[in-house]
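Chain letters run A, B, ... following the sequence lines, proteins first, then strands; residues in each count from 1.
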There are 2 protein chains.
Amino acid sequence: MKDVVIDILKHNQLSITDNRLGILELFQKSSKALSHADIERLSEKHFDRVTIYRTLQTFVDKGIIHTIPTADNSIMYALCKEACSEGHHHDDHVHFLCGQCGTTYCLDNISIPEVNVPKDFIVHQTNVLVNGVCKNCR
Amino acid sequence: MKDVVIDILKHNQLSITDNRLGILELFQKSSKALSHADIERLSEKHFDRVTIYRTLQTFVDKGIIHTIPTADNSIMYALCKEACSEGHHHDDHVHFLCGQCGTTYCLDNISIPEVNVPKDFIVHQTNVLVNGVCKNCR
DNA sequence: ATTAATTTTGCAACAGCGTTGCAAATGAAT
DNA sequence: ATTCATTTGCAACGCTGTTGCAAAATTAAT
């Protein structure tokens, strides 16, 4: 477990620190997307708010995690799949937000349908955010 | 123009105030989605920040405008189409965010494709957010 | 294994967004 | 015109996210 996390950091030329190990392990353990507040709450050791922000930003820059746009306007983070590389994210899956428990899921298996935009618009990325009730809350 | 705006307010049992008239006119005039900051900047008369927040919230509650989830985590607002009624939004269209100029468009004509989620999840609403470059910036 | 160079962390301070309570001002109704 | 309900502005607050800088930890090199 810890080995996997260390490998990820090394692959991305990041030095190994308690903070990064801890946060990355949280993502590994969680099937859900996490907010900054979640991470602050779930961390065993206490890390400074600023450190957590900077770590999340670093992970996003490296393509280790990605952000998810949410309707309630809080930033959620989730692990990227192997296809993600620095700068270019391929998180072409659907995100599901449960209105009951507030959990955000990455539905990795469900690919994003093609969306037709006017032909004078150029598409870079498409996000699909589904709101509803998850399997645990119904 | 002003008549239309007054009608909308009356239909929603809202009293007619300068603030509401002004903000609603901004939305009528704009083909783009507006942020709180946009509204504060565009208003001819100066309205208090708090008043603008409350007005936007009121309009959202009444189904006059809807919010748009954005990748950069700022709340954008846009006019709802006629199908929207109090509490239940049918903004089943695609939102397009231009990475160059930051403009958010409602692509009203383009309907949202059906998304297959696991069968133990219940879908209430689907948001599609397309990032790219708009016709003016390419 | 020590030391030097680089990176990361924690603290303090700050700006921006959004909310709440309350008193004054405005709009609606008689 | 007066009354009642609603809306507005102000002050204050909490939360989120950022920046600068010095201390601590990590990496690299001897």
Quiz item: A:Arg49 side-chain donor-acceptor pair to D:dG17 base, under 3.5 Å: yes

Tell me which nucleotide among C:dT8, C:dT20, D:dT7 gets nearest to the side chain of A:Arg20. C:dT8

Cationic N near anionic O, under 4.0 Å, A:Asp120 to B:Arg138: no

In whole angstroms, the gap separating C1' of C:dC17 from CG of B:Leu56 amounts to 13 Å

Nearest of C:dA12, D:dC10, D:dT26 to any side-chain atom of B:Asp48? D:dC10

Integer-rounded Å distance: C:dC17 C1' and B:Gln57 CD: 14 Å

Side-chain contact check for A:Ser15: nearest option of D:dT8, C:dG18, C:dT8 is C:dT8

Any idea which of C:dG18, D:dT26, D:dT8 is nearest the B:Thr17 side chain? D:dT8

Could you state the atom-to-atom distance from CG of A:Leu9 to C1' of D:dT26 in whole Å? 13 Å

Can you tell me how far P of C:dT19 sits from CG of B:Asp61, to the nearest Å? 11 Å

Aromatic ring proximity A:Phe121/B:Phe96, centre distance under 6.0 Å: yes

Would you mind checking if A:Asp7 and A:Lys10 are paired as a salt bridge, meaning a charged N to carboxylate O distance below 4.0 Å? no

Here's a test of your reading of the structure: between B:Val50 and B:Asn19, which maps to the more 5' nucleotide of DNA chain D? B:Asn19

Between A:Tyr53 and A:His36, is the gap from one ring center to the other below 6.0 Å? yes

Take the protein atom CZ of B:Phe47 and the nucleotide atom P of D:dT7, then report the distance between them rounded to whole Å. 14 Å

Same apolar cluster: A:Phe47 and A:Leu24, side chain cutoff 4.5 Å: yes

Between C:dA29 (P) and B:Ile16 (CD1): distance, integer Å: 10 Å

Side chain of A:Arg54, base of C:dG10: donor and acceptor closer than 3.5 Å? yes

In terms of the nearest nucleotide of DNA chain C, which residue is placed more toward the 5' end: B:Ser74 or B:Leu14? B:Ser74

Looking only at side-chain atoms of A:Thr51, point me to the closest of D:dT8, C:dT8, C:dT9. C:dT9

Round to a whole Å and report the spacing from OH of B:Tyr53 to P of C:dG16. 12 Å

For the pair made of CD1 in B:Ile39 and C1' in C:dG18, what is the distance, rounded to whole Å? 14 Å

